[in-house]
Number of protein chains: 2
Amino acid sequence: MGSDFQVAFWAAKRAIGAASEEAYQRHGVRAGQQFILYELWAEDGLTPGELAKRLGLAVPTVTRTATRMESAGILRREPHPTDARLVRLRLTERGHELKDLMAGEVVTLTEKALRTLDQDDRERFIAYLHEVKTNLTTPTV
Amino acid sequence: MGSDFQVAFWAAKRAIGAASEEAYQRHGVRAGQQFILYELWAEDGLTPGELAKRLGLAVPTVTRTATRMESAGILRREPHPTDARLVRLRLTERGHELKDLMAGEVVTLTEKALRTLDQDDRERFIAYLHEVKTNLTTPTV
DNA sequence: GAGTATACGTTAGCCGGCTAATGAGTTGGC
DNA sequence: GCCAACTCATTAGCCGGCTAACGTATACTC
């Protein structure tokens with residue numbers, strides 16, 4: 001059946017989503033917020049538009065997620081010094097603290113998910129995921 | 001980095017989601033509805049609860065999706081002959097017609113996603129996905 | 001047979017993805 | 001200098017996942 005892959009991927013997706021939610025929620029972080037955090041840990045004060053570009057997300061997705069993270073005390077909005085159209089998203093102290101906590105959760109979660117795969121399998125798996133992404137987003141032409 | 005896998009999976013997930021949405025929407029089917037259709041094509045007249053159990057979904061997810069599919073003319077609700085608590089979801093003629101159309105889309109989509117992988121790779125990939133699902137949903141104990 | 005317990009579907013509301021439409025601010029042409 | 005075009009963030013609203021709360025119908029106990 002051609003749908004084997006679809007079904008398997010979908011099942012894995014939901015399992016990872018549920019496990020992530022459970023792992024991150026202990027620190028008050030929701031599943032969709034982690035990738036924004038990665039970027040802000042690497043470079044604080046990015047704008048919603050810049051984050052959206054780096055993550056390949058729609059800008060409104062970032063805007064709304066940022067609002068929730070602001071409510072959760074993880075980051076705050078600051079006006080841009082020279083361009084009043086821009087908003088800078090800056091981590092609070094709590095946002096910075098999460099870096100180490102979350103890193104541990106990610107390692108634990110990933111290890112649990114891949115625990116039956118050896119190093120070669122893991123590398124192949126990640127390579128496959130990249131291929132799928134590339135195959136679907138690169139124009140066939 | 002331990003987050004390589006998470007990032008790669010997330011990117012592939014969104015690529016597949018977008019491609020699915022684009023492929024299925026041509027037939028008036030939204031991405032989340034396909035798995036319900038698979039089940040109903042195999043056995044028409046299932047209840048929301050039974051569908052949720054078979055797909056591992058929450059019942060309200062099925063209920064609401066069924067409502068949208070009903071609005072789209074893909075299925076309709078029928079009372080159960082002997083148990084008034086139950087609702088049977090039955091495909092309309094249009095719902096049945098979709099079977100062949102959707103099968104073609106799934107094959108095309110999957111082929112595009114996996115076009116750079118040979119048969120061995122594809123089987124390994126699917127096996128990895130199953131492993132992840134199993135590893136995350138089986139109690140460690 | 002009456003009353004409680006259980007099972008089922010729906011509704012309400014949260015998060016995370018999206019597009020379309022708005023509004024405010026900069027930039028650029030003239 | 002001024003008006004048009006563009007850029008950026010936000011808001012509104014859709015779909016698809018979830019949990020919690022609700023109402024109704026069946027089953028079970030006594």
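Everything numeric here is computed off the predicted structure, so don't read it as measured data. All chains are named by letter (A, B, ...) in the order of the sequence lines, taking the proteins before the strands, and each is independently numbered beginning at 1.
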In whole Å, I'd like the distance from the [atom1] atom of [X] to the [atom2] atom of [N].
{"X": "A:Gln33", "N": "C:dG17", "atom1": "CD", "atom2": "C1'", "result": "14 Å"}
{"X": "A:Arg30", "N": "D:dG16", "atom1": "CZ", "atom2": "P", "result": "20 Å"}
{"X": "B:Arg85", "N": "C:dA5", "atom1": "CZ", "atom2": "C1'", "result": "12 Å"}
{"X": "B:Lys13", "N": "D:dC15", "atom1": "NZ", "atom2": "C1'", "result": "14 Å"}
{"X": "A:Asp83", "N": "C:dA24", "atom1": "CG", "atom2": "P", "result": "16 Å"}
{"X": "A:Arg14", "N": "D:dC18", "atom1": "CZ", "atom2": "C1'", "result": "10 Å"}
{"X": "B:Arg77", "N": "D:dT24", "atom1": "CZ", "atom2": "C1'", "result": "16 Å"}
{"X": "B:Arg88", "N": "C:dT10", "atom1": "CZ", "atom2": "C1'", "result": "20 Å"}

Give one of base, sugar-phosphate or nothing for [X], where a contact means two heavy atoms less than 4.0 Å apart.
{"X": "A:Ala31", "value": "sugar-phosphate"}
{"X": "A:Ala58", "value": "base"}
{"X": "A:Glu21", "value": "nothing"}
{"X": "B:Val87", "value": "sugar-phosphate"}

Apply the test salt bridge (charged side-chain N to carboxylate O under 4.0 Å, His left out) to residues B:Glu21 and B:Arg14: give CA-CA distance (whole Å), side-chain angles for both, the deciding distance (0.1 Å), then the verdict. CA-CA 10 Å; B:Glu21 192 71 35; B:Arg14 290 204 307 122; over 6 Å; no
Residue closer to the 5' end of DNA chain D, A:Thr47 versus A:Trp10 (nearest nucleotide): A:Thr47
Report the distance from atom CZ of B:Arg124 to atom CG of A:Asp121, rounding to the nearest 0.5 Å. 8.0 Å
If you round to the nearest 0.5 Å, how far is CD of A:Glu123 from CG of A:Asp120? 6.0 Å
Answer yes or no: side-chain N or O of B:Arg64 and base N or O of D:dG16 forming a donor-acceptor pair under 3.5 Å. yes
Whether A:Thr63 contacts D:dT10 is assessed here as follows: a side-chain N or O lying under 4.0 Å from the phosphate OP1 or OP2. Is that the case? yes
Side-chain N or O of B:Thr67 versus OP1/OP2 of C:dT10: is the shortest distance under 4.0 Å? no
Taking the nucleotide of DNA chain C with the closest heavy atom to each, which residue, A:Gly32 or A:Val59, is nearer the 5' end? A:Gly32
Judged by nearest nucleotide, the residue sitting upstream toward the 5' end of DNA chain C, B:Leu86 or A:Thr61, is B:Leu86
Out of D:dA25, D:dC15, C:dG17, whichever nucleotide has its closest atom nearest the side chain of B:Ala84: D:dA25
Proximity of B:Phe125 and B:Tyr128 rings by center, below 6.0 Å: no
Salt bridge present between A:Arg88 and A:Glu50 (N-O < 4.0 angstrom): no
